[in-house]
Amino acid sequence: QVQLVESGGGLVQAGGSLRLSCAASGRTFSRYTMGWFRQAPGKERAFVAAISWSGGATYYADSVKGRFTISRDNAKNTMYLQMNSLKPEDTAVYYCAASGNPTGIIITTLANVDYWGQGTQVTVSS
């Protein structure tokens, strides 16, 4: 099993930047594909970005492509989400997600997630 703890959320003005971190417990972090999802008030949880075991492959929702960057440091058991050019519509609770599927499936849907973090609030003011 793996435990996930997000940090780095907060309040920022439109156009600003934030960097989220997801710290994972355990010694096999590199065998989990990872991802970020977000849930805005009154909306379903939605895919934001995903990354492969090694970090060599990344995937993004169209709404964040070109503004957000997902990365991971397997030596530090940590995943990151650099968010630039933030917009009010990016306001949501952001969740870290992990999959321990041995096929290395990329997490782009809720169904592929085995573990969730507790979430961190990101609020973008206009």
Side-chain angles (χ1 to χ4, degrees):
Q1 288 195 351
V2 64
Q3 291 185 323
L4 308 172
V5 179
E6 302 96 333
S7 62
L11 174 64
V12 63
Q13 288 187 332
S17 298
L18 280 175
R19 188 195 197 200
L20 304 183
S21 298
C22 172
S25 64
R27 298 175 294 175
T28 59
F29 177 71
S30 62
R31 300 309 296 173
Y32 290 89
T33 57
M34 303 292 294
W36 290 96
F37 288 73
R38 66 186 181 186
Q39 188 165 17
K43 295 188 177 181
E44 295 184 350
R45 195 170 297 189
F47 168 72
V48 174
I51 192 165
S52 61
W53 285 331
S54 67
T58 57
Y59 305 83
Y60 298 94
D62 288 342
S63 59
V64 306
K65 204 170 291 183
R67 299 188 297 122
F68 290 11
T69 302
I70 189 172
S71 62
R72 66 189 295 167
D73 185 337
N74 287 343
K76 295 182 178 180
N77 282 15
T78 304
M79 176 182 65
Y80 305 97
L81 185 67
Q82 178 67 44
M83 305 185 294
N84 298 329
S85 302
L86 283 162
K87 305 175 181 179
E89 51 264 44
D90 293 319
T91 295
V93 177
Y94 283 71
Y95 295 92
C96 172
S99 170
N101 191 307
T103 66
I105 190 168
I106 299 301
I107 302 174
T108 57
T109 66
L110 298 176
N112 292 336
V113 177
D114 295 322
Y115 304 100
W116 293 100
Q118 82 287 353
T120 186
Q121 176 71 46
V122 171
T123 302
V124 184
S125 63
S126 57

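This structure is a prediction, so every number in the text was calculated from the model and none was measured.
Rounded to the nearest 0.5 Å, atoms CG (N112) and CD1 (I105) are 4.0 Å apart. Atoms CG and OG, from L86 and S17 in turn, are 6.0 Å apart once rounded to the nearest 0.5 Å. In this structure, CZ in R19 is found 11.5 Å from CE in M83, a value given to the nearest 0.5 Å. For the atom pair W53 CH2 and I106 CD1, the distance stands at 9.0 Å (nearest 0.5 Å). With rounding to the nearest 0.5 angstrom, the CG atom of L20 is 9.0 Å from the CD atom of Q82. Atom CZ in F29 sits 6.5 Å away from atom SG in C22 (nearest 0.5 Å).
With hydrogens and angles ignored, the 3.5 Å screen pairs no side-chain donor or acceptor of T33 with any backbone N or O of G104. The backbone N or O of G55 sits nowhere less than 3.5 Å from a side-chain atom of R72 that would complete a donor-acceptor pair. Put simply, the side chain of E6 gets close to the backbone of Q118: a donor and an acceptor are under 3.5 Å apart. Without hydrogens or angle criteria, Y59 side chain to I107 main chain gives no donor-acceptor distance under 3.5 Å.
Linking ILVMFWY side-chain heavy atoms closer than 4.5 Å, directly or via other members, places F37 and V2 in two distinct hydrophobic clusters. By the rule that hydrophobic residues join a cluster once side-chain heavy atoms approach within less than 4.5 Å of another member, V113 and I51 end up as members of separate clusters. Under a hydrophobic-cluster definition in which Ile, Leu, Val, Met, Phe, Trp and Tyr are linked whenever side-chain heavy atoms come within less than 4.5 Å, directly or via other members, Y80 and Y94 are assigned to different clusters. Linking Ile, Leu, Val, Met, Phe, Trp and Tyr whenever their side-chain heavy atoms come within less than 4.5 Å puts V48 and V12 in one cluster. Under the 4.5 Å side-chain contact rule for hydrophobic residues, V124 and V64 share a cluster.
The nearest pair of heavy atoms linking T69 to Y60 is CA-OH, 3.3 Å. The two residues A23 and T78 make their nearest non-hydrogen contact at CA-OG1, 4.3 Å. Contact detail for S54 and N74: the closest heavy-atom pair is CA-ND2, 4.3 Å. The two atoms that bring S126 and A14 nearest to each other are CA-CB, 4.4 Å, heavy atoms only. Closest non-hydrogen pair, A98 versus M34, comes out as CB-SD, 3.5 Å. Summarising the geometry of G56 relative to S52, their closest heavy-atom pair is N-OG, 3.3 Å, with the distance given to 0.1 Å.
Ring geometry, Y95 versus W116: the interplanar angle exceeds 60°, so the pair is classed perpendicular (tilted spans 30 to 60°).
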Stepwise side-chain contact (heavy atoms from CB on, under 4.5 Å) test for F47 and L110: CA-CA 8 Å; F47 168 72; L110 298 176; over 6 Å; no
side-chain contact (heavy atoms from CB on, under 4.5 Å) assessment of Y32 paired with D114: CA-CA 10 Å; Y32 290 89; D114 295 322; 5.9 Å; no
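Classification of K65 and D62 as a salt-bridged pair holds, one side-chain N sitting under 4.0 Å from a carboxylate O.
A donor and an acceptor atom, one from each side chain of S99 and N101, are nowhere located under 3.5 Å apart.
Counting heavy atoms from C-beta on, the side chains of W36 and F68 never come closer than 4.5 Å.
For E89, the CD atom is densely surrounded, since the number of other residues' heavy atoms within 6.0 Å is greater than 12. Within 6.0 Å of NZ on K43 lie no more than 12 heavy atoms contributed by other residues, nucleotides or ligands.
For the side-chain hydrogen bond (donor to acceptor under 3.5 Å, both in side chains) with R38, the lone residue among T91, T120, D90 that qualifies is D90.
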